[in-house]
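Counting convention: from 1, in listed order, for ligands and their atoms alike.
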Amino acid sequence: MVTSNNTTFIPDIAHSFKAQAQPNIALIKYWGKQNIPGNVPAVGSLSITLEALRTETVVRFDTEMSADAFVLNGASNPIGLPRLSRCLDLLRHEAGTHCRAYVESENNFPTAAGLASSASGFAALVIAAGKALGLQATRSRYAQWAREGSGSAARSIYGGFVEMYLSKNEKTDVITEPILNPEEWPLEVVVAITSTDVKSVSSSAGMEHTRLTSPYYSHWVKAQDEDLHDAREAVLARDFERLSIISEQSCLKMHGLALASRPGLIYWSAATVACLHAIREMRAHGHPVFFTVDAGPQVKAICERQAAAEVARTLESINGVQKTIISRLGHGARLV
Ligand code: 2P0
């Protein structure tokens, strides 16, 4: 089988290639894109990759196919297909082929419900497709392709604590780098699931609506580098208290922006808010835990390992919490 530009790609139709990736949860949030092609974030972000939630994706290229095919969680998924094909086009371009692919992907957690399924989905996709195409690319190149599929997916290429930032010289240049391995600061995350419904406003649509209508948007963009710096320092120093404060602020700022857009975006449910209060109360009583919430009603409680069981018990007792999942920090996307 073949490899890079200027060679003819001969699909290995006898073989499927499988990759696994885990979602990541942003502590410093990405919300907003630059108004240019290529899915370029307007702000940097900092995340942790989870271990317990997982996407597995199988890719097979086939010269006989006239279009890509995409099966997600056992059902054909025509809605997700154009975005998937655009991402595959980047890798096809690199390999010098127009060959179409059959892609089958499975999540062990609710899809499109604020649990970052697009992050793990696009990270697993590019790793499996790159192998199927015989590409010899660096991790940062894979991160770039994943990011063009979905902004947060670049971070799931790596494990542990990961930062995605804009180059100082060229603000359209996006760099994604690991900061600490999972073992270097083994925090845990308790995910409180309050609804498994697909969210009514996607992250992409919500970000664009916020950029165009929220009065706080420009301040958000301006202040982000400082927040990132603060969080990076907190991670490198393993300073839980400092990371708690900046992470909760970033989450509340992101939702504040979205709430102030026109019409305002409300991603939270009553149970979401009840969880936030409970987490603040636990922290006030000495438990090392803080919260973050993405574009959906689920709450992620980040805690030191010894606090995880108690945090899960408390969140499960809240009206509207359907279940909790405890996760360690996980590794980056890889072939399986
Ligand atoms: C994040 N989120 O940093 C933020 C916080 C949700 C809230 O990145 O349009 O699916 O595909 O680039 O990556 C979710 O947005 O958006 C997201 P696209 P993505 O994790």
Could you see which bit of [X] sits under 4.0 Å from ligand 1, with heavy atoms only: side chain, backbone, both or neither?
X	value
Ile25	neither
Ser152	both
Ser150	both

[X] near ligand 1 by a heavy-atom separation under 4.0 Å:
X	answer
Arg147	no
Met164	no
Ser118	yes

Give the atom numbers and elements of ligand 1 that come within less than 4.0 Å of a heavy atom of [X].
X	value
Ser203	14 (C), 15 (O)
Ser204	9 (O), 11 (O), 18 (P)
Arg83	9 (O), 11 (O), 18 (P)
Met207	15 (O), 16 (O)

Taking distance alone, with N or O pairs closer than 3.5 Å, would you say Gly151 contacts ligand 1?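 Between Gly151 and ligand 1, an N or O pair is found under 3.5 Å apart.
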So is there a nitrogen or oxygen of Asn39 less than 3.5 Å from a nitrogen or oxygen in ligand 1?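 Yes; the residue has a nitrogen or oxygen that sits under 3.5 Å from a nitrogen or oxygen of the ligand.
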Distance in Å, [X] [atom1] paired with [Y] [atom2], rounded so as to fall on 0.5 Å steps:
X	Y	atom1	atom2	result
Asp294	Trp31	CG	CH2	8.5 Å
Asn39	Met207	CG	CE	8.0 Å
Leu243	Ile302	CG	CD1	8.0 Å

Between Arg242 and Asp230 (salt bridge meaning N to carboxylate O under 4.0 Å), is one present in this structure? yes
Before accepting this row, confirm whether a basic side-chain N of the pair Arg313/Glu316 lies closer than 4.0 Å to the acidic partner's carboxylate O. no
Taking all non-hydrogen atoms of both residues, which atom of Gln224 and which atom of Ile28 are closest, and how far apart?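 Closest heavy-atom pair between Gln224 and Ile28: NE2-CG2, 3.3 Å.
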Between Glu148, Arg147, Arg83, which is the residue that forms a side chain to side chain contact (heavy atoms under 4.5 Å, CB included) with Phe122? Arg83
Is the ring pair Phe240/Trp185 parallel, tilted or perpendicular, if the boundaries are 30 and 60 degrees? perpendicular
Between Arg155, Glu208, Lys33, Met254, which one has a non-hydrogen atom sitting closest to atom 18 (P) of ligand 1?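 The residue whose heavy atom sits nearest atom 18 (P) of ligand 1 is Lys33.
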Any donor-acceptor N or O pair under 3.5 Å, side chains Glu183, His331: yes
Around atom 4 (C) of ligand 1, find the nearest protein heavy atom and jot down its residue, atom name and distance. Tyr30 O, 3.1 Å
